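Reading through the structure tokens given below for one structure.
Just so it is clear, the values below take in all heavy atoms, side chains as well, and ignore hydrogens, waters and symmetry mates. Note that the coordinates shown come from a computational prediction; the quantities given were computed from them, not determined experimentally.
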Amino acid sequence: MASHVLRTAPRRRIRLDEHLPVDHRLSTFYRIGAGLMGLVLLVFGILGLIDRVGFFDTQGDKVSGLSTNGALSVISICAGLLLFVGMVIGGNVASTINMVLGILFILSGFLNLALLDTQYNFLAFRIPNVLFSFVVGVMLMFFGMYGRVGSALPHDNPYWRSRHPEQAEHEQRVKAGAELRAKALAQGPGSTGAGSVGSGPAPAPLGDGRSDR
């Protein structure tokens, strides 16, 4: 008996450099997320530097309920400026920066949690700092992945169209055909021949039934 081989179409890998129009609403969302989180980190870093705490002081100083020192303040300022760069550029750049920094913040939370109350706690982390790092990381990942990563993206999403070009082109042709048919129906069946009826010569008048002799 002949064996049947089932062939499946190769799955397209998710790329982080896919095209996104700069004026797309997702680009605006990525810009807003990067700007808000960048502002929070920038303010936190500047306030930490104002207090002039030692660069690697493990005791740190309190800023808005969080412990900080010179090193953590500089790192926060650099992260905030990087997010501002993403906000200015927008598009895929802002989304990628949000995702990468979000992952780094979450990893930093776990790492510094393990270094609490040790001599290697060079960023003067405390439990509130760990929680803050987790919250910022999750929010940055949300601002970076929204509308870009997922299995149920809408078909008008530019990332979905980039990953499924054949299906997107087929749906575009179907949509264009449906629009043409709807337009033809809206014009009516006699719209194309109405002008030709009135453009011909007028018919001769009918007589009264009597013939001239």
Side-chain angles (χ1 to χ4, degrees), residues 11-51 60 62-115 123-165 168:
R11 299 182 61 183
R12 293 174 59 88
R13 298 180 61 184
I14 296 177
R15 297 172 51 193
L16 297 182
D17 58 347
E18 293 162 322
H19 176 68
L20 175 67
V22 178
D23 58 346
H24 196 274
R25 62 181 180 274
L26 285 177
S27 179
T28 303
F29 182 81
Y30 301 147
R31 288 174 183 265
I32 294 175
L36 289 177
M37 302 310 299
L39 180 62
V40 171
L41 294 175
L42 194 61
V43 171
F44 174 75
I46 292 175
L47 291 177
L49 288 181
I50 290 176
D51 290 340
K62 291 290 185 179
V63 174
S64 300
L66 300 174
S67 177
T68 186
N69 59 14
L72 183 58
S73 298
V74 171
I75 292 174
S76 300
I77 291 175
C78 292
L81 292 177
L82 184 58
L83 287 170
F84 277 137
V85 171
M87 179 190 68
V88 173
I89 299 175
N92 294 329
V93 175
S95 172
T96 302
I97 290 177
N98 289 343
M99 283 192 289
V100 172
L101 285 183
I103 294 173
L104 291 179
F105 266 88
I106 292 177
L107 292 178
S108 173
F110 283 113
L111 176 61
N112 287 283
L113 179 62
L115 297 178
L123 298 182
F125 259 57
R126 298 292 183 267
I127 290 298
N129 296 74
V130 174
L131 298 178
F132 178 76
S133 185
F134 286 151
V135 171
V136 172
V138 170
M139 292 185 67
L140 282 173
M141 291 185 67
F142 170 73
F143 281 124
M145 293 183 175
Y146 180 81
R148 186 172 185 177
V149 178
S151 59
L153 296 177
H155 288 194
D156 60 345
N157 183 288
Y159 294 112
W160 185 91
R161 298 179 66 85
S162 176
R163 297 164 194 165
H164 307 84

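- Pairs of residues two or more places apart, or lying in two chains, that qualify as side-chain hydrogen bond (donor to acceptor under 3.5 Å, both in side chains) and include a residue from residues 69-82 are T68-S73.
- Between the S67 side chain and the A124 main chain, a donor and an acceptor come within less than 3.5 Å of each other.
- The side-chain contact (heavy atoms from CB on, under 4.5 Å) check on V138 picks up I106, with sequence neighbours excluded.
- With rounding to the nearest 0.5 angstrom, the CD1 atom of I77 is 10.0 Å from the CG atom of L72.
- Residue M37 holds its CE atom at 5.0 Å from CG of L140, rounded to the nearest 0.5 Å.
- Looking at N129, its side chain does come within 3.5 Å of a backbone N or O of R126 through a donor-acceptor pair.
- For the ring pair (Phe, Tyr, Trp, His ring centres under 6.0 Å) condition, the pairs that include at least one residue of residues 125-144, sequence neighbours left out, are F29-F142, F29-F143, F110-F134, F142-Y146.
- Here CG of L115 is found 5.0 Å from CG of L111. Values are rounded to the nearest 0.5 Å.
- A donor-acceptor contact shorter than 3.5 Å links the side chain of R31 to the backbone of I89.
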Side chains of residues 39-48: which donor-acceptor partners sit under 3.5 Å, not counting sequence neighbours?
none

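- Every residue meeting the side-chain contact (heavy atoms from CB on, under 4.5 Å) condition with I32, not counting sequence neighbours, appears here in chain and number order: T28, L36.
- Distance OG/S27 to CE/M87: 11.5 Å, rounded to 0.5 Å.
- Annotation: side-chain contact (heavy atoms from CB on, under 4.5 Å) contacts of L131 (sequence neighbours excluded): I127.
- One distance of note links CE of M141 with CG of L104; it measures 10.5 Å at 0.5 Å rounding.
- Summarising the geometry of F105 relative to G137, their closest heavy-atom pair is CB-CA, 3.7 Å, with the distance given to 0.1 Å.
- Separation of atoms OH (Y30) and OG1 (T96) is listed at 9.0 Å; rounding is to 0.5 Å.
- Contacts of V74 classified as side-chain contact (heavy atoms from CB on, under 4.5 Å), with partners at least two apart in sequence or in another chain: L49, F55, C78.
- Residues A71 and L123 come closest through the heavy atom pair CB-CD2, 3.8 Å.
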